[in-house]
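The structure under discussion appears below in the form of structure tokens.
Order of listing sets the numbers, starting from 1, for every ligand and every atom in it.
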Amino acid sequence: MSGQRSNFPLPLSSITGGSVKPAARGPVATPQTATRNAASSAASSTAQGGPAKAPQAPGPAPRPPGYAPKASSAPAAQRSDLMATEAVRRAMVARVARQGVSDSKVLGAMEIVPRHLFIEPALSSQAYIDASLPIGHHQTISQPYIVARMIEVMCAGKALGRVLEIGTGCGYQAAVLSFVAKEVYSIERIKPLHELAKTNLRPLRISNLRLQYGDGMLGLPQVAPFDGIILAAAGLEVPQALLEQLAIGAHLVAPVGAQVQHLHRITRIGKSEWTSETLEACHFVPLRPGTI
Ligand code: SAH
């Protein structure tokens with residue numbers, strides 16, 4: 001979609017460490033705070049495992065070139081940990097599929113990424129429930145359904161080259177994105193979360209993902225244009241800088257609003273022309289300027 005590419009990787013701060021259609025209308029991503037989610041899901045013993053049915057569509061997503069979490073090279077404890085979570089991850093994906101996400105690439109990616117590794121140990125038993133959870137600094141990891149839905153809506157059935165995420169948080173969505181796009185850039189404005197994401201992602205050895213500490217409202221003009229942009233935090237409007245960094249024909253997906261928020265999909269249809277579609281209601285942490 002986008003024309004020229006500069007060499008990848010670029011000199012951004014990175015997760016070094018060497019060697020790992022819009023669906024039928026899904027349910028509303030209900031406004032819940034992560035704290036409430038955590039509390040209510042702790043009370044629900046059935047929530048954790050989720051439905052037992054296996055997903056229909058998702059085959060294994062193609063691994064990015066640098067992804068090498070080889071079972072044989074992982075420590076034994078980690079290996080059994082990963083295997084033990086496979087079934088529950090499959091159940092999570094089956095649930096997301098039932099909620100209306102049908103892109104097999106997205107579902108396949110979510111089947112691979114070990115979501116529990118992005119959540120603090122005290123909450124990791126809740127990693128696969130359909131809820132957002134606290135990650136510190138008043139921020140959350142988004143619920144699995146909304147992660148899948150946003151990526152699906154951004155891809156719209158196409159294979160994407162370069163994509164940008166605003167709001168890395170703990171790094172989970174960035175990891176999922178790395179399985180559906182060739183190159184992923186993700187920006188976080190809170191330094192400790194940027195560092196947390198690096199720590200979480202390092203063992204996965206994903207080579208096509210670059211993390212950047214900075215104000216995502218400015219985007220990454222030095223890397224633009226992007227074949228897709230996702231905002232994981234809600235503003236009252238989408239920053240113009242991000243609209244300008246979208247390739248023509250590409251989609252940007254963002255929650256827009258304050259107390260009441262909706263997902264919007266913006267498509268750049270010309271040099272100075274964009275169209276916008278309003279999708280379902282959702283609830284995200286606020287998009288804020290600057291860095292801390
Ligand atoms: N992508 C995450 C969700 C992160 S929560 C996931 O994998 O589930 C949203 C994140 O957006 C928070 O970490 C918050 O600090 C960040 N954020 C808010 N405004 C931002 C901005 N202007 N630039 C970069 N990150 C921002």
Side-chain angles (χ1 to χ4, degrees), residues 12-13 15 29 32-35 37-38 92 96 106 109-110 113-120 123-124 126-151 154 163-181 184-201 204 206 209-221 228-242 245 252-258 261 263 282-292:
L12 299 172
S13 85
I15 51 150
Q32 293 164 303
T33 64
T35 329
N37 281 337
M92 173 192 81
V96 168
V106 177
M110 292 188 62
V113 178
R115 186 172 159 92
H116 63 287
L117 298 185
F118 293 84
I119 289 166
E120 62 169 285
L123 292 176
S124 64
Q126 298 171 54
Y128 294 98
I129 66 172
D130 194 32
S132 57
L133 294 167
I135 55 171
H137 305 273
H138 308 290
Q139 307 303 321
T140 57
I141 178 173
S142 305
Q143 69 181 116
Y145 164 74
I146 205 77
V147 168
R149 170 80 170 138
M150 289 180 98
I151 299 176
M154 176 183 72
V163 306
L164 174 66
E165 178 194 36
I166 311 304
T168 315
C170 60
Y172 174 70
Q173 185 161 28
V176 176
L177 280 168
S178 75
F179 287 86
V180 302
V184 179
Y185 292 83
S186 182
I187 313 176
E188 174 55 55
R189 67 182 287 272
I190 301 178
K191 190 71 185 261
L193 287 180
H194 167 71
E195 296 298 334
L196 173 71
K198 280 209 265 190
T199 304
N200 289 342
L201 287 159
L204 299 183
I206 299 173
L209 170 59
R210 292 292 176 272
L211 301 185
Q212 175 80 5
Y213 168 59
D215 180 359
M217 290 171 80
L218 308 173
L220 280 180
I229 300 180
I230 282 184
L231 278 80
L236 293 178
E237 53 187 28
V238 175
Q240 185 65 26
L242 298 178
Q245 291 173 33
L252 175 151
V253 183
V256 176
Q261 302 172 4
L263 274 188
C282 57
H283 188 72
F284 279 80
V285 295
L287 184 69
R288 297 202 190 283
T291 55
I292 52 174

For P289, is there any backbone N or O sitting under 3.5 Å from a side-chain donor or acceptor partner on R189?
yes
Could you check T168, D215, L196, T291 and say which one makes a side chain to side chain contact (heavy atoms under 4.5 Å, CB included) with E188?
T168
L164 versus L242: any side-chain heavy-atom pair under 4.5 Å?
yes
Hey, is the main chain of A258 close enough, under 3.5 Å, to the side chain of Q261 for a donor-acceptor pair?
yes
Given a heavy-atom cut-off of 4.0 Å, could you list the residues near ligand 1 in chain and number order?
Q139, T140, I141, S142, E165, I166, G167, T168, G169, Y172, Q173, I187, E188, R189, I190, L193, G214, D215, G216, M217, A232, A233, V285, P286, L287, R288
Value rounded to 0.5 Å, distance of CD1 in I230 from CG in L177:
5.0 Å
Student check: side-chain heavy atoms of Y172 and M110 closer than 4.5 Å:
yes
